[in-house]
Amino acid sequence: MIRPARPAAVTLAVLLLVTGVQLTAGPAAAADETPGAPAAPGAAEPPKVDPDDPGLKMRDGATLAAPRVLDIVSIVETEGGEERREETTTSLTLALQAEVLFGKDSAVLTAQSAGRMAAIVNEIRRNRPGKIRVFGFTDDLGTYEHGLKLSKERAEAVHGVLSRQLNNPNIVYEVRGYSEDFPIADNATEEGRRKNRRVEITFPTGSRATTGSDSTGTGSGDSGDSTA
């Protein structure tokens, strides 16, 4: 008895079931995939980590540091960058561009700076800190030595105003000049150099502020470490 011939499609299906061969699309199908697309979940097994790897172990005698909550930092800068306000949960830093306070290459406070200094004094009074840091900085133009001298003199000029107006002998001042060290912007542009030419006033705030007597006390503030 002669059996009728099977269609080619049926024969191919039987072969695939028997052999387990799987047909895949050619390279043309892969071209439709998005380059760099993440692999589908479960497409690759996670790398295995050897718990005995010496690189994962602390050296003998080492201990983990106590856990702590990092300060939340808020940084606000005026549109022109004349003032930068950096605030954490424990302190406040006010960075004023040198042009806001001084003339070019000068450490003499201008008359226009009086209003800004008065506002800073009022903010310090509200927080009643026991210590204030006044740091001066310059850009990288000119010699480092000249920048060191100018930044220190500018910091001392600001310190003089704070000391007289706060009139509190219980406040300790730390006054330093850093020249071009610790830039906050790129010295390759004039905009960046203008931001780097600055005086920073830092003091504790809130419950962390060290309070002595009331900030309206008598006497003049003592200068702390005033070395550059």
Side-chain angles (χ1 to χ4, degrees), residues 71-139 147 150-179 181-185 193-226 228:
D71 290 342
I72 299 175
V73 179
S74 170
I75 300 177
V76 179
E77 190 175 87
T78 57
E79 184 175 354
E82 293 85 2
E83 181 175 333
R84 175 186 172 95
R85 182 185 182 96
E86 183 174 323
E87 191 166 7
T88 74
T89 56
T90 59
S91 68
L92 173 63
T93 296
L94 301 172
L96 302 177
Q97 287 185 12
E99 284 80 353
V100 176
L101 304 172
F102 307 97
K104 184 177 180 181
D105 202 31
S106 171
V108 178
L109 287 161
T110 64
Q112 290 77 15
S113 68
R116 189 68 202 98
M117 289 301 303
I120 293 175
V121 167
N122 288 334
E123 188 150 17
I124 293 174
R125 281 180 176 151
R126 287 195 297 271
N127 287 279
R128 301 174 62 191
K131 183 175 182 178
I132 300 174
R133 293 177 175 177
V134 186
F135 295 163
F137 305 85
T138 63
D139 57 29
L150 180 61
S151 61
K152 175 67 178 304
E153 290 175 345
R154 285 175 169 174
E156 288 176 337
V158 171
H159 160 248
V161 172
L162 297 178
S163 178
R164 288 192 300 272
Q165 295 193 15
L166 289 170
N167 199 27
N168 185 349
N170 296 301
I171 296 178
V172 177
Y173 292 88
E174 184 179 355
V175 184
R176 295 176 181 266
Y178 286 101
S179 189
D181 295 336
F182 310 109
I184 59 174
R193 290 191 294 269
R194 188 165 56 247
K195 291 182 179 181
N196 291 332
R197 298 189 296 263
R198 69 196 190 278
V199 174
E200 292 185 356
I201 303 167
T202 303
F203 51 91
T205 58
S207 60
R208 290 293 187 89
T210 304
T211 58
S213 62
D214 188 84
S215 60
T216 57
T218 59
S220 60
D222 297 327
S223 175
D225 183 0
S226 59

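Since we're looking at a predicted model, the values are computed, not measured.
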Verdict with supporting geometry, Val161 and Ile120, side chain to side chain contact (heavy atoms under 4.5 Å, CB included)
CA-CA 10 Å; Val161 172; Ile120 293 175; over 6 Å; no

Taking every non-hydrogen atom, the tightest pair across Arg154 and Gly103:
NH2-O, 3.4 Å

How far does CG of Asp181 sit from OG1 of Thr138, to the nearest 0.5 angstrom?
8.5 Å

Distance, nearest 0.5 Å, that separates CZ of Arg84 from CD1 of Ile184
5.0 Å

Tell me the closest heavy-atom pair linking Arg198 and Ala95, and the distance in Å.
CD-CB, 4.4 Å

Give me the atom names and distance for the closest heavy-atom approach of Gln165 to Ala118.
OE1-CA, 4.2 Å

Distance check, rounded to the nearest 0.5 Å: Thr202 atom OG1 versus Lys131 atom NZ?
10.5 Å

Pair Met117, Leu101 - check side chain to side chain contact (heavy atoms under 4.5 Å, CB included), show working.
CA-CA 9 Å; Met117 289 301 303; Leu101 304 172; 4.2 Å; yes

What are the two closest non-hydrogen atoms of Gly136 and Ala155, and how far apart are they?
N-CB, 3.7 Å

Roughly how far apart are Arg126 CZ and Glu123 CD, rounded to 0.5 Å?
5.0 Å

Can you tell me how far NE2 of His159 sits from NZ of Lys152, rounded to the nearest 0.5 angstrom?
10.5 Å

Salt bridge (charged side-chain N to carboxylate O under 4.0 Å, His left out) contacts in which one or both residues fall within residues 97-122, not counting sequence neighbours
Glu83-Arg116, Glu99-Arg197

Could you check whether any side-chain N or O of Asp139 sits under 3.5 Å from a backbone N or O of Asn196, counting only pairs where one atom can act as donor and the other as acceptor?
no

Side chains of Glu200 and Glu86: does their closest heavy-atom pair fall under 4.5 Å?
no

Is any side-chain heavy atom of Phe102 less than 4.5 Å from a side-chain heavy atom of Leu96?
no

With ring-ring contact (aromatic ring centres under 6.0 Å, His included) as the rule and sequence neighbours excluded, what pairs involving residues 103-138 come up?
Phe135-Tyr178, Phe137-Tyr178

Return the CG to CD1 distance between Leu162 and Ile124, rounded to the nearest 0.5 Å.
5.0 Å

Would you name the heavy atoms of Asn170 and Asn168 that are closest together and state the gap between them?
N-OD1, 2.9 Å

Side chain to side chain contact (heavy atoms under 4.5 Å, CB included) against Val108, all qualifying residues, sequence neighbours excluded:
Ser106

Do side-chain atoms of Ser113 reach the backbone of Thr110 as a donor and acceptor pair under 3.5 angstrom?
yes

